[in-house]
Amino acid sequence: MAKRLGLCADLPAMGKVKLQSCMTLFAEAAPEEEVFQKVLDKYFKGEKDRHTLQILGRPV
């Protein structure tokens, strides 16, 4: 059986962009829900999506 590389390694590039954007949006909308930031921490080195932050009017 092949070893799984992890969620982000299995996603196509556009899927990664969408995941990071969604997790950024949800983390900003509901900061009390830690799960969204945890996904960003695990798969994106804690980095939020800059474009999403710009749309929300947040500093990047």
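Along the sequence shown, residues are numbered consecutively beginning with 1.
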Whether the side chain of Glu47 engages the backbone of Gln20 through a donor-acceptor N/O pair (distance < 3.5 Å, no angle test) should be reported. no

Result block: side-chain N/O donor-acceptor pairs under 3.5 angstrom for residues 28-38, not counting sequence neighbours:
residue : atom : partner : partner atom : Å
Glu28   : OE1  : Arg58   : NE           : 2.6
Glu28   : OE2  : Lys48   : NZ           : 2.5
Gln37   : NE2  : Asp41   : OD1          : 2.8

Here the pair of heavy atoms bringing Leu53 nearest to Pro59 is CD1-O, 4.1 Å

Reported CG-to-NZ distance for the pair Leu25 and Lys18, which is rounded to 0.5 angstrom: 14.5 Å

Kindly indicate whether the side chain of Asp49, heavy atoms from C-beta on, has any atom under 4.5 Å from the side chain of Phe44. no

Val39 and Val17: same hydrophobic cluster, using ILVMFWY side-chain contacts below 4.5 Å? no

dist Leu56:CG -> His51:NE2 (nearest 0.5 Å) comes out at 10.0 Å

